[in-house]
**Student:** 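I have a structure here, written as structure tokens, and I will follow up with some questions on it.
Numbering starts at 1 and runs along the sequence shown.
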Amino acid sequence: QVQLLESGGGLVQPGGSLNLSCVGSGIIFSAYAVGWYRQPPGKQRELVASITQDGSTNYVDSVTHRFTISRDNAKNTVYLQMSSLKPEDTAVYHCNAGGYRKTYYPYNYWGQGTQVTVSS
């Protein structure tokens with residue numbers, strides 16, 4: 001059974017930093033692209049960052065230069081480093097294993113999500 005487990009969310013003040021992790025089990029991450037999605041309250045889920053099997057990264061404009069996605073295939077883990085956080089970054093963050101064909105596309109492998117709240 002494929003399971004993805006996100007962790008690292010929490011409450012942080014604007015301008016602060018937070019690091020998220022996504023650990024996969026029942027899946028070999030090296031065979032997949034991985035994406036981080038977020039869903040703010042009352043809004044649609046959006047892809048914020050992705051990383052291909054070979055390590056190429058893509059970001060939505062709103063997080064470029066603030067978020068960094070990385071992977072450690074030996075640990076079957078992907079990370080999302082977040083800095084200069086803003087209240088609008090508040091959301092439930094999910095990771096997903098998928099593919100990449102010029103753009104990231106998700107497979108039906110999702111984590112349960114971790115809450116990130118940016119507030120003073």
**Student:** Taking atom OH of Tyr100 and atom CG of Asn58, what is their separation to the nearest 0.5 Å?
**Tutor:**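 These two atoms lie 3.5 Å from each other.
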
**Student:** Once rounded to the nearest 0.5 Å, what's the spacing between atom OG of Ser21 and atom CG of Asp72?
**Tutor:**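 Answer for the OG-CG pair, Ser21 versus Asp72, is 10.0 Å.
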
**Student:** With rounding to the nearest 0.5 angstrom, report the CZ to CD1 distance, Phe29 to Ile27.
**Tutor:**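 The CZ atom of Phe29 sits 5.5 Å away from the CD1 atom of Ile27.
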
**Student:** Could you see if Leu20 belongs to whatever hydrophobic cluster contains Val23? Use Ile, Leu, Val, Met, Phe, Trp, Tyr and a side-chain cutoff under 4.5 Å.
**Tutor:**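 Different clusters: Leu20 never reaches Val23 through Ile, Leu, Val, Met, Phe, Trp or Tyr contacts under 4.5 Å.
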
**Student:** Under the disulfide (SG to SG under 2.5 Å) rule, what pairs show up with a residue in residues 46-120, not counting sequence neighbours?
**Tutor:**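 Residue pairs passing disulfide (SG to SG under 2.5 Å), neighbours aside: Cys22-Cys95.
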
**Student:** Taking the side chain as C-beta and beyond, is there a heavy-atom pair between Glu46 and Val60 under 4.5 Å?
**Tutor:**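 Answer yes - side chains close enough.
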
**Student:** What is the distance from atom CG of Leu18 to atom CG of Leu11, rounded to the nearest 0.5 Å?
**Tutor:**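 Going from CG on Leu18 over to CG on Leu11, the span is 9.5 Å.
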
**Student:** Rounded to the nearest 0.5 Å, how far apart are CG of Leu80 and OH of Tyr37?
**Tutor:**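 Here the rounded value is 13.5 Å.
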
**Student:** Is a side-chain N or O of Ser50 found less than 3.5 angstrom from the main chain of Gly35, in a donor-acceptor match?
**Tutor:**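 Side chain of Ser50 to backbone of Gly35, a donor-acceptor pair under 3.5 Å: no, none is there.
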
**Student:** Tyr107 vs Val2, test: side chain to side chain contact (heavy atoms under 4.5 Å, CB included). Steps then yes/no.
**Tutor:** CA-CA 11 Å; Tyr107 297 154; Val2 174; over 6 Å; no

**Student:** Answer with yes or no whether the hydrophobic clustering places Tyr32 together with Leu5; edges join I, L, V, M, F, W, Y residues whose side-chain heavy atoms lie under 4.5 Å apart.
**Tutor:**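 No; Leu5 is not reachable from Tyr32 via cluster members.
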
**Student:** I'd like to know if the side chain of Thr90 and the backbone of Val118 have a donor-acceptor N/O pair within less than 3.5 Å.
**Tutor:**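 Looks like yes, one N/O pair under 3.5 Å.
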
**Student:** Could you check whether atom CG of Asp54 has more than 12 heavy atoms from other residues, nucleotides or ligands sitting under 6.0 Å from it?
**Tutor:**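 Atom CG in Asp54 is crowded, with more than 12 foreign heavy atoms closer than 6.0 Å.
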
**Student:** With no hydrogens and no angle check, is any side-chain donor or acceptor of Tyr104 less than 3.5 Å from a backbone partner on Ala49?
**Tutor:**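 A pair under 3.5 Å: no.
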
**Student:** Any chance you could measure Arg45, atom CZ, to His94, atom NE2, to the nearest 0.5 Å?
**Tutor:**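 These two atoms lie 6.5 Å from each other.
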
**Student:** Apply the test side chain to side chain contact (heavy atoms under 4.5 Å, CB included) to residues Arg66 and Asp89: give CA-CA distance (whole Å), side-chain angles for both, the deciding distance (0.1 Å), then the verdict.
**Tutor:** CA-CA 11 Å; Arg66 299 191 299 117; Asp89 294 319; 2.7 Å; yes

**Student:** Is there a donor-acceptor contact under 3.5 Å from the side chain of Glu6 to the main chain of Gly113?
**Tutor:**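 Such a contact is found between Glu6 side chain and Gly113 backbone.
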
**Student:** Considering only residues two or more places apart or on different chains, which pairs with a residue in residues 74-88 satisfy side-chain hydrogen bond (donor to acceptor under 3.5 Å, both in side chains)?
**Tutor:**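 Every pair satisfying side-chain hydrogen bond (donor to acceptor under 3.5 Å, both in side chains) with a residue in residues 74-88: there are none.
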
**Student:** Side chains of Tyr93 and Arg38: donor-acceptor distance under 3.5 Å anywhere?
**Tutor:**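 A donor-acceptor contact under 3.5 Å links the two side chains.
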
**Student:** Using every non-hydrogen atom in the two residues, find where Leu4 and Gln112 come nearest and quote the distance to one decimal.
**Tutor:**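 What the structure gives for the nearest pair is O-OE1, 3.5 Å.
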
**Student:** With distance as the sole test, does Asn96 use its side chain to make a donor-acceptor pair with the main-chain N or O of Tyr109 at under 3.5 Å?
**Tutor:**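 Judged by distance alone, yes, a pair lies under 3.5 Å.
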
**Student:** At their closest point, which heavy atom of Ala91 faces which heavy atom of Pro40, and how far apart are they?
**Tutor:**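 The pair with the smallest heavy-atom distance is CB-N, 3.5 Å.
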
**Student:** Could Arg71 and Trp36 be counted as a cation-pi pair, given that NZ or CZ must be under 6.0 Å from the ring centre and within 45° of the axis?
**Tutor:**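 No - Arg71 does not lie over the ring of Trp36 by the 6.0 Å and 45° rule.
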
